[in-house]
Amino acid sequence: MGAAPSSGFKKVRHAVPMLSLSNVFDWDEYQEFRQKIKNFLGLSDEDGIELLAEQKIDGLSCSLRYEGRKLVQAATRGDGEEGEDITENVRTIKDVPDELPAHAPEFVTVRGEIYMGRKDFSELNKRLETEGKKIFANPRNAAAGSVRQLDSKITASRPLRFFGYALADNSNFQTQKDVRDAIHSWGFKVPEPSYAGFGIDGAMTYYKEIEGLRSTLDYDIDGIVYKVNRLDYQSRLGFIARAPRWAAAHKFPAEQAVTRLNAIEIQVGRTGALTPVARLEPITVGGVVVSNATLHNEDEIARKDIRVGDMVIIQRAGDVIPQVVEVVADKRLAGSEAYVYPDHCPACGSLAIREEGEAIRRCTGGLICPAQAVERLKHFVSRLAFDIEGLGAKIIEEFWEKGIVKTPADIFRLKDMTINPPLKEWEGWGEKSVANLFASIDQRRVIALNRFIYALGIRQIGEATAKRLAGHYGSWPVLRAAMQAEERDELLNIEDVGPSVADDLLGFFAEDHNRAVLDDLEVFLTIQDYERPQNIDSAVAGKTVVFTGTLAKLTRTEAKAQAERLGAKVAGSVSAKTDYVVAGEDAGSKLKKAQELNVTVLSEDGWLQLIGQN
DNA sequence: GTGCCTCGAGTTCC
DNA sequence: CTCGAGGCAC
């Protein structure tokens with residue numbers, strides 16, 4: 001058996017992506033969340049919107065595929081698009097039925113949370129301790145660690161449990177509550193109680209009830225999840241970036257702790273941004289030991305008057321990222337001094353400048369700054385970019401220090417490079433791990449266009465914009481040619497690209513050094529043309545459509561989101577490239593332009609008919 | 001010109 | 001996760 005990747009788990013593509021949730025932190029934001037939903041759906045103030053509220057289990061999400069009512073695959077969430085195959089381990093979980101009853105659909109994907117009970121957790125830790133093994137910090141980590149065991153016999157000895165909360169495909173159901181009840185009737189556990197209602201009062205009562213119940217539950221929850229109950233609304237609402245518009249998490253207030261701030265260190269990011277980080281006297285908060293916390297920027301330190309040596313209150317924002325809430329004023333040491341922010345880069349010594357009106361101070365060292373160079377390389381191999389297994393941030397740093405990886409192309413040259421001493425003789429490396437690394441590097445020589453664009457680390461070009469660019473230009477040669485021909489106007493016509501983004505893009509491609517890096521890289525790679533996601537068979541896929549006038553049945557945002565879901569491009573103005581103009585009430589100049597250019601004009605109903613929604 | 005929304009870039013810990 | 005800022009709609 002050779003081919004097993006070093007992580008040991010097979011990758012699994014989710015047919016329907018597993019998404020994350022946006023958050024509300026108080027009741028104002030809760031109201032905002034409801035209001036936005038109503039606005040999007042074009043509902044009036046009197047129209048209610050029913051939400052289903054459930055406990056948010058602090059575990060790890062898992063997707064269970066049943067075929068012929070038998071469990072055939074279990075996968076972790078991963079990056080939402082692609083997770084890991086943990087089927088064998090999940091088969092050992094009692095709460096997960098191997099087979100569904102006859103009234104369940106033959107083919108179905110159930111989603112839910114794997115978790116560990118609190119009592120089970122402390123017993124497991126006791127057992128691990130007597131066996132002289134490492135104990136887990138909290139039930140969540142214990143559950144995650146147990147699921148990722150390569151030997152499913154070990155997983156079987158761990159007290160894992162499962163709550164179901166959703167289906168990948170909701171057709172055949174009217175409401176989220178129906179889905180919940182169905183999952184329950186198929187033999188899954190669902191957290192009790194839940195609550196469905198229209199107003200804020202019921203939600204508040206439910207929130208308080210669960211918060212009160214929290215300490216008596218045998219499992220950890222970190223808040224409440226609200227979902228729009230009507231599934232037809234859910235599908236109309238759709239998604240923004242990584243999260244559904246129709247759901248939100250309402251987290252319980254974060255646990256806080258007091259500790260000493262030992263030092264403030266300045267880190268340099270790939271764009272040269274100087275970011276302050278607090279080094280803390282280690283302390284347990286929210287179940288994990290925290291020794292660092294972000295301080296965001298210069299102004300944040302000044303605003304909170306944070307000084308080295310202060311006692312500070314820290315919390316984990318959203319129970320994840322540690323942050324300094326405030327200084328404990330009466331514990332300040334005599335003679336402490338306000339923190340002076342450096343105006344030179346700690347890595348290369350270049351001047352660090354803060355542009356007028358900006359919050360961030362940046363190193364001006366550019367190409368000569370080693371910190372920026374390493375960070376760019378880390379970005380290049382990161383999860384949303386090349387995602388090279390076994391080549392994480394630490395290894396990149398090591399390779400950089402030893403001088404064997406200086407540019408992205410060096411990564412692909414490693415295999416044939418003469419390294420002295422050879423890599424397999426380095427500490428922590430062996431024959432096998434070197435072979436695995438080279439294999440996973442080779443695997444990534446074929447890469448999707450959008451990932452490649454993202455990997456370049458051009459300022460302001462993140463995941464979403466890289467995808468837009470890939471969608472617009474289609475292939476790498478076309479994109480590169482357009483950039484080097486400085487086709488600025490075309491860029492500005494792309495949605496979400498304005499003057500600032502366009503300048504950063506053109507600036508990148510105008511730089512000799514960058515061009516050389518690209519020439520060097522291209523030799524090693526096969527950059528795949530952009531594949532428009534799904535729905536390629538929809539009538540409007542690949543078409544450019546412009547909406548104008550007032551629409552009656554859909555709001556503008558909704559129409560746009562729907563069109564994009566079906567693979568269409570939505571533009572703001574009519575040109576010869578426009579395929580359809582959808583004219584609502586009182587359409588004006590755009591309609592006239594469309595007629596001049598002989599662009600097909602549709603009524604709102606005509607459009608709905610075209611996309612099969614009528 | 002202003003306000004909203006979304007994105008990007010920074011961050012921690014396991 | 002948070003923050004700042006760019007893009008776009010009004």
Side-chain angles (χ1 to χ4, degrees), chain A residues 20-23 25 32 35-36 39-40 60 134-148 222 239-243 245 249 251 254 265-280 282-300 303 314-325 354-362 372 375-376 378-379 382 384 393 454 457-468 491-505 547-548 555-557 560-561 570-573:
Chain A
S20 51
L21 286 176
S22 50
N23 288 294
F25 287 97
E32 256 173 55
Q35 195 54 50
K36 274 186 201 162
N39 292 346
F40 192 91
L60 55 142
K134 247 186 99 182
I135 61 165
F136 291 104
N138 53 52
R140 207 197 101 84
N141 289 349
S146 303
V147 159
R148 302 198 85 258
D222 48 8
F239 305 89
I240 35 162
R242 306 162 192 85
R245 265 194 202 87
K251 301 272 184 81
E265 263 173 40
I266 304 290
Q267 299 186 344
V268 185
R270 76 184 155 86
T271 63
L274 266 48
T275 313
V277 177
R279 303 289 174 213
L280 306 166
I283 187 165
T284 302
V285 50
V288 298
V289 178
V290 166
S291 42
N292 304 299
T294 174
L295 292 171
H296 292 120
N297 58 46
E298 203 168 341
D299 289 347
E300 173 91 355
R303 198 178 325 121
I314 61 158
Q315 68 179 23
R316 296 209 301 149
D319 274 343
V320 183
I321 315 249
Q323 56 181 204
V324 174
V325 181
R354 191 170 164 191
E355 295 284 348
E356 183 81 24
E358 292 208 344
I360 293 165
R361 190 174 285 276
R362 286 196 154 86
Q372 288 186 48
E375 293 305 314
R376 276 197 300 270
K378 285 186 195 166
H379 175 82
S382 67
L384 296 170
Y454 175 78
I458 303 164
R459 260 236 248 167
Q460 305 200 87
I461 309 301
E463 195 192 355
T465 314
K467 222 173 239 177
R468 278 223 190 278
L491 267 178
L492 293 175
N493 269 325
I494 302 174
E495 205 178 355
D496 294 336
V497 178
S500 167
V501 172
D503 286 344
D504 279 341
L505 265 167
F547 292 98
T548 179
T555 64
R556 185 68 76 88
T557 350
K560 191 174 140 185
V570 178
S573 60

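Numbers restart at 1 for each chain; the letters A, B, ... are given by sequence-line order, proteins then strands. Since the model is a prediction, treat every value here as computed from it, not as a measurement.
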(message) Run the salt bridge (Lys or Arg N to Asp or Glu O under 4.0 Å) test against A/R468 and tell me which residues pass, sequence neighbours left out.
(response) A/E495, A/D496

(request) Could I get the full list of side chain to side chain contact (heavy atoms under 4.5 Å, CB included) partners for A/A144, not counting sequence neighbours? (result) A/L60

(request) Measure from the side chain of A/R245, starting at C-beta and using heavy atoms only, and say which of B/dT6, B/dC7, B/dT11 lies closest. (result) B/dT6

(message) Measuring from the side chain of A/N297 (C-beta onward, heavy atoms only), which nucleotide among B/dG10, B/dG8, C/dG4 has the closest atom?
(response) C/dG4

(request) Return the value, rounded to whole Å, for the distance between atom CZ of A/R459 and atom P of B/dA9. (result) 8 Å

(request) Identify, with sequence neighbours excluded, every residue that meets ring-ring contact (aromatic ring centres under 6.0 Å, His included) alongside A/H296. (result) none

(request) Would you mind reading off the distance between A/L384 atom CG and B/dC7 atom P, rounded to a whole angstrom? (result) 14 Å

(request) Calculate the interatomic distance between A/I461 atom CD1 and B/dC7 atom P; express it in whole Å. (result) 13 Å

(message) Using 0.5 Å steps for rounding, measure from the OG1 atom of A/T275 to the CG atom of A/L295.
(response) 10.0 Å

(message) I need the CD-C1' distance between A/Q323 and B/dT12, as an integer number of Å.
(response) 11 Å

(request) Applying side chain to side chain donor-acceptor pair (under 3.5 Å), name anything that partners A/T465, two or more places apart in sequence or on another chain. (result) none

(message) Could you tell me how far apart A/Y454 (OH) and B/dG8 (P) are, to the nearest whole angstrom?
(response) 8 Å

(request) May I ask you to say what A/I458 touches in the nucleic acid, namely base, sugar-phosphate or nothing, with a heavy-atom cut-off under 4.0 Å? (result) sugar-phosphate

(request) Quick one: label A/R140 by what it contacts on the DNA or RNA (base, sugar-phosphate, nothing), any heavy atom closer than 4.0 Å. (result) nothing

(request) Enter the distance from A/R270:CZ to A/Q372:CD here, rounded to the nearest 0.5 Å. (result) 10.5 Å

(request) May I have the distance from A/E298 (atom CD) to C/dT2 (atom P), rounded to whole angstrom? (result) 22 Å

(message) Without decimals, in angstroms, what is the distance between A/L295 CG and C/dC1 P?
(response) 20 Å

(message) Against A/P499, only a single residue in A/D504, A/L492, A/L491 fulfils side chain to side chain contact (heavy atoms under 4.5 Å, CB included); can you say which?
(response) A/L492

Protein and nucleotides 3-5 of chain B: nitrogen or oxygen contacts under 3.5 angstrom:
none

(message) Using a strict heavy-atom distance below 4.0 Å, which residues from residues 494-505 of chain A are in contact with DNA chain B?
(response) none

(message) Checking contacts here: which listed nucleotide (B/dC13, B/dG8, C/dG4) is nearest the side-chain heavy atoms of A/A464?
(response) B/dG8

(message) What's the closest nucleotide to the side chain of A/V277 if the choices are B/dT12, C/dC3, B/dC13?
(response) B/dT12

(request) Would you kindly compare A/F136 and A/E375 by the position of their nearest DNA chain B nucleotide and give the one closer to the 5′ end? (result) A/E375

